[in-house]
Amino acid sequence: HILRSQTTPLLTKEGLGVVAPLSPSTDFDFVIRNLSAKEIETWFATQGTIKRAGKNFEVFKFLPKCSLLPCEGEVGRGVAIDIALPRTEISTEDSLGGYRDFETQSDPTLQIAKDLARRDFTVNAMAFDLRTGELIDPYLGQYDLNKKILRAVGDADLRFNEDLTRILRGIRFAAQLDFTIESQTF
């Protein structure tokens, strides 16, 4: 599965998928299932440069060799790709709603629907399985995307208390993309 930034990418041993972004983007984020962090690091190191970016959870920055993607010269001048293991997030007990005030649990076997459940808005909680052609959209994000509606995944109060910057992100999305914020979301 793959999600794309402003909807996030996901890749698995079982298949590959992509969701159209809210706006054109060359910023890709992948979630890889059924491989350990070590297996991901080992394989991607043969294909370019990979560095761990997430301190508290398994996130990597990958810069492919020029032979893999168009770029101008050596590794690192092309498209940077974020790669992560699927994860769940839980706000810490003393959280003030900051971006880092949560505990994460990376799990290579976590189902994509569980990973999508932690996302902020329905339009960011979709994946597409290229193997099967299935859009994985447990929160009706495609409907909201088509109708230009910004809706929180699940309980809006919970989503925003997990990370207060999601409120600003929602306002920015609505303003930039001319989306209507759903009444239960704000």
Side-chain angles (χ1 to χ4, degrees), residues 1-35 40 54 57-60 62 79-91 99 102 104-186:
H1 305 90
I2 290 185
L3 304 153
R4 192 154 163 198
S5 214
Q6 311 230 348
T7 53
T8 302
L10 187 72
L11 170 67
T12 74
K13 273 186 177 177
E14 296 94 18
L16 190 60
V18 68
V19 170
L22 295 177
S23 60
S25 176
T26 58
D27 177 22
F28 293 93
D29 299 318
F30 291 81
V31 176
I32 298 180
R33 295 187 61 238
N34 298 322
L35 292 175
I40 290 168
F57 47 90
E58 309 293 347
V59 175
F60 304 92
F62 173 63
V79 176
I81 299 169
D82 287 349
I83 299 170
L85 291 173
R87 65 185 184 268
T88 57
E89 297 173 351
I90 300 170
S91 294
Y99 181 69
F102 54 84
T104 63
Q105 180 64 48
S106 295
D107 178 359
T109 64
L110 187 71
Q111 295 298 313
I112 182 59
K114 299 235 182 192
D115 182 85
L116 296 175
R118 71 179 176 79
R119 308 214 179 250
D120 52 5
F121 302 106
T122 60
V123 296
N124 290 336
M126 297 182 284
F128 186 77
D129 187 327
L130 287 178
R131 184 177 48 89
T132 64
E134 176 191 5
L135 176 66
I136 301 165
D137 186 11
Y139 302 99
L140 305 177
Q142 187 68 47
Y143 173 85
D144 287 347
L145 189 61
N146 290 336
K147 297 289 186 181
K148 300 185 87 169
I149 297 170
L150 198 60
R151 182 186 325 266
V153 171
D155 182 322
D157 288 337
L158 178 62
R159 287 285 86 80
F160 295 133
N161 284 328
E162 290 169 345
D163 179 358
L164 294 175
T165 63
R166 289 176 168 170
I167 296 168
L168 297 175
R169 181 175 153 120
I171 293 167
R172 180 180 56 113
F173 278 172
Q176 284 181 329
L177 303 169
D178 195 31
F179 273 43
T180 300
I181 299 173
E182 185 259 342
S183 65
Q184 297 296 311
T185 295
F186 281 111

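Computation of the quantities below employed the complete heavy-atom set of this structure, encompassing side-chain atoms and omitting hydrogens, waters and symmetry-equivalent molecules.
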Legend entry - Asp137 to Ala125 - nearest heavy-atom pair and separation: OD1-O, 4.3 Å
Legend entry - Shortest non-hydrogen separation from Leu85 to Val31 and the atoms involved: C-CG1, 3.7 Å
Legend entry - Phe186 atom CZ: more than 12 heavy-atom contacts under 6.0 Å: yes
Legend entry - pair Asn34-Thr109: side-chain heavy atoms closer than 4.5 Å: yes
Inset, instruction - Taking the side chain as every heavy atom from C-beta outward, state whether Phe173 and Asn124 have any atom pair closer than 4.5 Å. - result: yes
Inset, instruction - Report yes or no: does Asp144 contribute a side-chain atom to a donor-acceptor pair with the main-chain N or O of Thr122 at less than 3.5 Å? - result: no
Inset, instruction - With rounding to the nearest 0.5 Å, note down the distance linking CD1 in Ile40 to CD1 in Ile32. - result: 4.5 Å
Legend entry - Heavy-atom donor-acceptor pair, Asp115 side chain to Arg87 backbone, under 3.5 Å: yes
Legend entry - From Phe62 atom CZ to Ile81 atom CD1, the distance as rounded to the nearest 0.5 Å: 6.0 Å
Legend entry - Minimum-distance pair of heavy atoms, taken over all atoms of Arg166 and Phe121: O-CZ, 3.6 Å
Inset, instruction - Starting at CG of Leu150, measure out to OG1 of Thr180 and round the result to the nearest 0.5 Å. - result: 9.5 Å
Inset, instruction - Would you give the length of the straight line joining atom CD1 of Ile181 to atom CZ of Arg151, rounded to the nearest 0.5 angstrom? - result: 12.5 Å
Legend entry - Minimal non-hydrogen separation, Leu145 against Val123, with atom names: N-CG1, 3.7 Å
Inset, instruction - Indicate yes or no: at least one non-hydrogen side-chain atom of Arg159 is less than 4.5 angstrom from one of Thr185. - result: no
Legend entry - Check: Glu182 side chain, Gln184 main-chain N or O, donor-acceptor pair, under 3.5 Å: yes
Legend entry - Smallest separation among heavy atoms of Tyr139 and Ala113, with atom names: OH-O, 4.4 Å
Inset, instruction - Take Asp120 and Phe160 through the side chain to side chain contact (heavy atoms under 4.5 Å, CB included) test and state the conclusion after the steps. - result: CA-CA 8 Å; Asp120 52 5; Phe160 295 133; 5.8 Å; no
Inset, instruction - Answer yes or no: does atom NZ of Lys148 have more than 12 heavy-atom neighbours from other residues, nucleotides or ligands under 6.0 Å? - result: yes
